[in-house]
Amino acid sequence: MNKTQLPKLSKKFLFFHGRSLSRELAISLILLLVLFQGLLLAYVYSRQSRFLMQELEKKADDLAANLSAILIVPLWDFDDEQIGKIGMSFLKNDVVNEVHIKNSTGTTLFRARRGAGTPGRIRRSVDIIYKNQMIGQAELFFSLGTYDRDLSWFRNTILLVLLGSLIMILVTTGILLRIFMRHPLTILQKGIDRVARGDYGYGFEEIHHRELAGIASRFKEMAAGIQARERSLQVINKELQSEIAERKHAENRIRQSEARNRALLNAMPDMMFHLDRNGLLLDFKGTREDLQIPPEDFLKKGINKVMPTKISALILTKIEQVLTTRRVQIFEYELPLKGKMSYFECRMVAFSEDSVLALVRNVTESKQAAADKFRLEQQLRKAQKMEAIGTLAGGVAHDLNNVLSGLVSYPELILLDLPQDSPLRQSILTIQKSGEKAANIVQDLLTLARRGVSVSEVVNMNHIITEYLKSPEYKKLNQYYPQVKLEVDLEPELLPVTGSPVHLSKTIMNLVANAAEAMPDGGTIWVSSHNRYIDKPVRGYDDIQEGDYVILKVRDAGIGIAEKDIERIFEPFYTKKAMGRSGTGLGMAVVWGTVKDHNGYIDVHSIEGRGTEFSIYLPACRQPGTEPQRQLSMEDYRGQGEFVLVVDDVEEQRAIACEILTRLGYRVDSVASGELAVDYLQAQRVDIVVLDMIMNPGIDGLETFKQIIHDHPGQKAIIASGFSESERVREAQRLGAGAYVKKPYLMEKIAIAIRQELNRTT
């Protein structure tokens, strides 16, 4: 705009000086008086709404008072039928939604509801007074349905009036705006568009209204400012583009870092929970294997909604401790998971002022491993203890065998010389039986020492059980406990086992005797046998490995064993019985040693006051059983003048062996060590050597036999020992030695062993 155009613009403004946009807008505002009608109608609607509500509440008060008055007599008379009829009659009222009648103790006498109920109801509760005493209470709930229908009709009427008024206002306002405002504003809009398109020199010459002229003037000033700012913005834009590029690069790095962190959190073996102060689960990351429900089902819920009460209470307590002390809290809890108990470790740290992070790890396997390790250590200590006791017992038994030889062997020799009517015969027999009993105790000690299984035969446990029931020991037990009954359940097709019939029979005897003693007032003992294949290790008193087993079970209904005593019942001399009356205190120790010697396992279950069950697992074999040997007479195993060399480091043992063999018809000589035996055979030829296995000092029986067969291949020998058949005995037999004879010597056993070896062809 140039200076020559300014006088023309001034004349135009003076010409239209009488016209005013404000007066034209005032005409339009008059039409807005229609709003007054709307306000008036709103006021009327409000008044009518209050009036209808007051009417409903008054009706509710009246009905409640009437119900109270009507119920006095039925409540006083406890007339439940009449109370129900009254309640149902009130429920038929259109405005009544629910009736609830209670007696003075709060017991519901009648309660009924009509329909599904409405979100809003009016409740009236009145006490039922009779003779100044409250005998009950009635509650009425009134539906707002009738109120809502009346109010809805009135509201719809008002809306129709307002709609008509609105149509009139819109039509009138549209006409007025078209006449008085749209044309001037269109001119102003076109001018603004020109400026917006970059025509900053446009001067708004077509604007004639005073108010719009002022706006146009301000717009021209604004256009000038915009033009200046546009230039500066171009410079700033270049700078911003450079900054945006850098920011995008930074955002990409942040997104990549967040993606890496998210992947790490999702891949970590721990579960991470984000919880607020009140236990609300805000977020979850990590493995989902240990979750009972998916995260979307527990997020935004309280911990008490998804966890058991005990655990949720513990977690809430730890949250409070973490937020109060700002220190890490580490704790464990257990939770049933997939049908078994699982154990979890939780490390909780503060994340903000009102929230924490909980890192949870499933430690079930580690706890189970620790428990298994502890259990195995206990079993190892128990085995070491039994091994130490067994070593001591073995040494004692060896010495006792030497002492007992005279009590067992010499009476047998003396009885051969005594006539049948000798008055000394009964005394000698008593000495012999006492010696044999003492030898049996020594045998128990050897079994405890794990050196007691001297025979490995293929046997059937059913036969051993049956033979025991015929034995004098069982008959004596039956006489001592006449009120105890024995029930036997034996599997007909029982697999055989490899072992010692004597020791297995003694195991059954000890278990049955213990069961009988556990029932002083009588009862039943159940003895059973059956086959079983263990397809995976079974944990119990012993850890039973996979394999085929013959299981012997002895169960009683006696006093049971205390849990603290179960771990010690197999220790020697640990007994709750009267020592000297019930035995030597070695019974269960012998059972333990026998089972271990047979590579078997023991399982014990006991409940105090209800009884005990012992289960013996013996490895089954598939070999046929051995046939019983024919009983031999004295003449079958007498000597025929053969020359026997006895090698033993104990003088008494040499003397006994020489006396027995001489009586049997052999020529006998003896030496006191293995070295002397080797030297003796260099100068003298013998038919057979009776070789003690353990000799001290000097070389033992195995080394002696090795040197003998080196110098004299094919030399016959039998092995004698106070211990059981050890690996060194079996090694000597593999080298060519004959039978093994257990001390103390019995004439029949040593005679049969020598005779069989002499008759054996090489």
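Here salt bridge (Lys or Arg N to Asp or Glu O under 4.0 Å) pairs that include residues 48-57, with residues two or more places apart or in two chains, number zero. Applying the salt bridge (Lys or Arg N to Asp or Glu O under 4.0 Å) test to every pair with at least one member in residues 304-331, sequence neighbours left out, gives these pairs: Arg277-Glu320.
Between the CG atom in Leu281 and the CG atom in Leu299 there is a gap of 6.5 Å [rounded to 0.5 Å].
Using a cutoff of 4.0 Å between basic side-chain nitrogens and carboxylate oxygens, Arg247 and Glu251 are not scored as salt-bridged. Salt bridge annotation for Glu139-Arg124: absent, with no cationic side-chain nitrogen under 4.0 angstrom from a carboxylate oxygen. Here Glu98 pairs with Arg111 in a salt bridge; the nearest charged N to carboxylate O distance falls below 4.0 Å. Between Arg347 and Glu345, at least one side-chain N (NZ, or NE/NH1/NH2) sits under 4.0 Å from a carboxylate O, which counts as a salt bridge.
Side-chain contact annotation: Ser352 with Asp354, donor-acceptor N/O pair under 3.5 Å absent. Side-chain contact annotation: Gln137 with Ser125, donor-acceptor N/O pair under 3.5 Å present. Using modelled atom types and a 3.5 Å distance limit, the side chains of His100 and Thr108 yield a donor-acceptor pair. For the residue pair Ser46 and Ser49, no side-chain donor N or O sits within less than 3.5 Å of a side-chain acceptor on the partner.
Between the Ser312 side chain and the Pro308 main chain, a donor and an acceptor come within less than 3.5 Å of each other. Between the side chain of Ser355 and the main chain of Phe351, no donor-acceptor pair closer than 3.5 Å is present. A donor-acceptor contact shorter than 3.5 Å is absent between the side chain of Thr612 and the backbone of Asp556. Judged purely by atom type and a 3.5 angstrom limit, Thr107 has no side-chain atom pairing as donor or acceptor with the backbone of Asn103. Formation of a donor-acceptor pair under 3.5 Å by the Thr364 side chain with backbone atoms of Tyr343 is found in this model.
In this structure, the side chains of Arg113 and Asn97 come closer than 4.5 Å at one or more pairs of heavy atoms. Residues Leu314 and Phe331 are in side-chain contact: their nearest non-hydrogen atoms beyond the backbone lie under 4.5 Å apart. For the pair Val99 and Phe110, the minimum side-chain heavy-atom distance is below 4.5 Å. Counting heavy atoms from C-beta on, the side chains of Phe90 and Ile70 come closer than 4.5 Å. Contact of the Met272 side chain with the Val360 side chain is not registered, since no non-hydrogen atoms from C-beta on lie closer than 4.5 Å. The side-chain heavy atoms of Ser342 and Leu335, taken from C-beta on, include no pair separated by under 4.5 Å.
Taking the six-membered ring where tryptophan is involved, the planes of Phe273 and Phe298 are tilted, since the angle between them lies from 30° to 60°.
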Task: Criterion side chain to side chain contact (heavy atoms under 4.5 Å, CB included) on Phe284 and His274, from CA distance to verdict - done: CA-CA 6 Å; Phe284 168 81; His274 186 198; over 6 Å; no

Open item on the list: side chain to side chain contact (heavy atoms under 4.5 Å, CB included), that's the test. Do Leu282 and Asp276 meet it? Break it down for me.
Closed with: CA-CA 7 Å; Leu282 304 176; Asp276 69 0; 4.1 Å; yes

